[in-house]
Trainee: 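Sharing a structure below in structure tokens format, with a few things to ask.
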There are 2 protein chains.
Amino acid sequence: MSADTDDGPTASPLRADARRNREQILRAAREVFTDQGPDAPLDEIARRAGVGIATLYRRFPRRDDLHRGVAVEVLTALIGAANRAAAEEDDACLALRRFLHTALDLKIGSVLPSLLGRFTADDVLDGLPGDAVEPVDALLVRAQAQGRIRPDVVFGDITLVIIRLSRPLPGGGRSAVDDALAHRQLDVYLDGLRPTGSPRPTTPLGGPAVDVEAFKRLRERLIDDAYGARADADDVSHDDSRADARVADVRADDG
Amino acid sequence: MSADTDDGPTASPLRADARRNREQILRAAREVFTDQGPDAPLDEIARRAGVGIATLYRRFPRRDDLHRGVAVEVLTALIGAANRAAAEEDDACLALRRFLHTALDLKIGSVLPSLLGRFTADDVLDGLPGDAVEPVDALLVRAQAQGRIRPDVVFGDITLVIIRLSRPLPGGGRSAVDDALAHRQLDVYLDGLRPTGSPRPTTPLGGPAVDVEAFKRLRERLIDDAYGARADADDVSHDDSRADARVADVRADDG
DNA sequence: CGCCATGTGGAGAGAATTTCTCCGCATGGC
DNA sequence: GCCATGCGGAGAAATTCTCTCCACATGGCG
């Protein structure tokens with residue numbers, strides 16, 4: 001992220017290492033809140049950030065300050081992605097698709113909903129460069145006008161599903177399969193939004209293909225290694241899971 | 001649930017009120033584990049079950065006993081639904097669809113994955129009437145043979161998505177919108193699994209249609225009422241969310 | 001109807017976890 | 001090279017959760 005989320009002119013200039021630590025803390029906080037929820041222990045965040053607990057408290061005296069910081073960071077990235085996607089002139093459906101995959105990577109579903117409610121709307125929204133809702137809705141309307149998405153689909157159908165898909169499978173521990181699988185699932189879901197009579201895609205499904213055997217291995221591993229949920233991709237056949245190639249596939253088949 | 005999950009001949013016959021309390025505890029435990037995860041405080045479970053904490057400890061001396069009890073209960077219901085679905089001769093796709101909506105209602109995604117890993121496989125699987133994997137996979141194969149699901153879909157594509165869709169939106173508090181929306185999302189997802197060249201459904205999307213305005217209201221409510229996530233269905237337009245009608249729609253359009 | 005084995009509730013001690021401060025030491029920047 | 005700014009970690013205080021004990025209640029049987 002190149003945006004430094006400048007705190008404005010009121011904040012005294014932070015020393016270089018302090019600024020670096022602040023960013024590490026926010027990154028760690030986003031990870032930990034994603035995995036464990038907004039009440040996760042602060043030591044864990046400090047540990048993952050590689051700083052002492054005192055440093056964390058110095059920079060974010062109350063837990064809510066951390067919540068706010070993470071929310072601002074994630075929302076800023078989200079709004080940037082939305083505006084960039086909306087600026088694409090030609091293919092609204094493809095732009096929307098790419099935006100949704102980005103939102104999935106941001107894991108907004110794991111972070112935001114549990115943080116909202118911890119501060120008032122004004123607190124956060126004031127520091128943000130706009131809102132993601134309008135550009136995304138504009139994309140949806142355009143994609144529908146282009147006949148690429150069925151007309152009775154509404155805004156919540158493309159946004160609220162991201163919240164669910166972006167949450168890690170419960171049981172602790174993020175897994176590489178998890179993330180790639182979410183993108184595969186999103187692709188299937190987006191296929192389901194096409195309008196009546198539109199041609200079905202012939203693109204093979206990307207990402208991990210979990211067949212019965214792989215499923216049973218995953219399950220066994222979950223049961224036996226207590227909390228060994230960090231199953232890696234070794235166990236399932238991979239087609240492809242990079243976003244670029246994914247979107248390229250879509251374009252080739254679809255445009 | 002009519003199955004009483006009889007503990008076998010070893011257990012001394014429980015007094016009538018004790019048996020009732022035991023069921024209340026299991027029901028409450030399922031709810032609380034669903035909402036808060038497997039480490040949720042036990043007082044909360046006792047409170048929701050309407051019993052004292054001592055009663056809970058008497059029936060389930062260790063936390064894992066509670067985990068096991070809930071897992072057995074949910075898995076038994078799941079296996080029953082799977083076998084019932086697989087027994088339907090004519091329309092495998094419809095049966096699969098109905099089963100997945102049932103699994104969603106069971107909220108297996110919220111309960112099971114976080115409980116697995118808390119006990120060994122044998123502990124639980126011994127008490128179960130089989131396994132849900134085989135009948136469900138058989139359904140999938142049959143639906144593919146009938147040309148109703150694209151052939152490169154694998155078992156994990158229809159099961160793992162349930163785990164994500166059945167988790168409540170984070171931020172505490174279950175919401176009526178949540179549950180109905182998950183079914184709507186599942187329907188869209190299932191549409192995405194149809195094979196190339198199959199006709200698109202003309203069925204209107206059921207469940208809550210969250211348009212931009214409704215979305216903003218939901219968001220506002222989340223932010224302002226700290227943890228007031230129990231948004232009710234009043235704010236979004238409802239088409240229909242009963243499973244029967246949903247499946248009936250599918251059949252009318254699809255068969 | 002009445003007895004008693006079985007079951008119940010809740011207070012509270014004890015354990016575990018988490019919060020948050022204090023102070024001696026390190027280091028970036030002029 | 002100086003010093004304002006920043007750092008780390010120990011540990012006290014607070015909070016939360018666990019689990020037992022015992023006086024009281026009640027279902028089931030004769």
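The model shown is predicted, which means the values in this text are computed figures rather than measured ones. The basis for the numbers below is simple: all heavy atoms, side chains too, and nothing from hydrogens, waters or symmetry mates. To find a chain, count down the sequence lines: A is the first, B the second, and so on, and within it residues start at 1.
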Trainee: Asp39(A) CG to dT17(C) C1': how many Å, rounded?
Mentor: 13 Å
Trainee: Please encode protein proximity along nucleotides 23-30 of chain C as a string of B, S and -, counting only heavy-atom distances under 4.0 Å.
Mentor: ----BSS-
Trainee: Whole Å only: how far is the CD1 atom of Ile45(B) from the C1' atom of dT18(D)?
Mentor: 13 Å
Trainee: Over how many whole Å does the gap from Leu56(B) atom CG to dC17(D) atom P extend?
Mentor: 15 Å
Trainee: Touch check for Ile53(A), heavy atoms < 4.0 angstrom, all strands: base, sugar-phosphate only, or nothing?
Mentor: base
Trainee: Please state how far atom CG in Asp65(A) lies from atom P in dC20(C), giving the value in whole angstrom units.
Mentor: 11 Å
Trainee: Do the two ring centres, one from His67(A) and one from Phe60(A), sit under 6.0 Å apart?
Mentor: no
Trainee: Check the distance between dT15(D)'s C1' and Leu42(A)'s CG and give it to me in whole angstrom.
Mentor: 14 Å
Trainee: Can you find a side chain N or O atom of Thr55(A) that sits less than 4.0 Å from OP1 or OP2 on dG6(D)?
Mentor: no
Trainee: Without decimals, in angstroms, what is the distance between Arg22(B) CZ and dT8(C) P?
Mentor: 12 Å
Trainee: Would you say the side-chain atoms of Asp157(B) pair up with the backbone N or O of Val154(B), donor to acceptor, closer than 3.5 Å?
Mentor: yes
Trainee: Specify the angle, to 10°, made by the local axes at the two ends of the helix from dC1(C)-dG30(D) to dC30(C)-dG1(D) when five pairs are taken at each end.
Mentor: 30°
Trainee: To the nearest angstrom, how far is Tyr57(A) atom OH from dA12(D) atom P?
Mentor: 17 Å
Trainee: Any Lys/Arg nitrogen of Asp17(B) or Arg15(B) sitting under 4.0 Å from an Asp/Glu carboxylate oxygen of the other?
Mentor: yes
Trainee: Taking the side chain as every heavy atom from C-beta outward, state whether Leu186(B) and Ile162(B) have any pair of such atoms under 4.5 Å apart.
Mentor: yes
Trainee: Have a look at Arg59(A) and tell me which of Asp65(A), Leu14(A), Asn21(A) forms a side chain to side chain contact (heavy atoms under 4.5 Å, CB included) with it.
Mentor: Leu14(A)
Trainee: Can a donor-acceptor pair be found, under 3.5 Å and without considering hydrogens, that links the side chain of Arg68(B) to the backbone of Arg63(B)?
Mentor: no
Trainee: Can you measure Asp43(A) atom CG to dT19(C) atom P for me and round it to whole angstrom units?
Mentor: 7 Å
Trainee: Run the salt bridge (Lys or Arg N to Asp or Glu O under 4.0 Å) check on Asp179(B) and Lys107(B) step by step: do they pass?
Mentor: CA-CA 9 Å; Asp179(B) 291 353; Lys107(B) 297 214 172 32; 3.5 Å; yes
Trainee: Is there a side-chain contact (heavy atoms from CB on, under 4.5 Å) between Arg164(B) and Arg167(A) once you walk through the steps?
Mentor: CA-CA 7 Å; Arg164(B) 286 216 168 86; Arg167(A) 299 189 67 195; 5.6 Å; no
Trainee: Is any side-chain nitrogen or oxygen of Arg59(A) closer than 4.0 Å to OP1 or OP2 of dC7(D)?
Mentor: yes
Trainee: Under 4.0 Å, heavy atoms only, any strand: does Asn21(A) hit a base, just the sugar-phosphate, or nothing?
Mentor: sugar-phosphate
Trainee: Ring centroid separation for Phe155(B) and Phe215(A), is it under 6.0 angstrom?
Mentor: yes
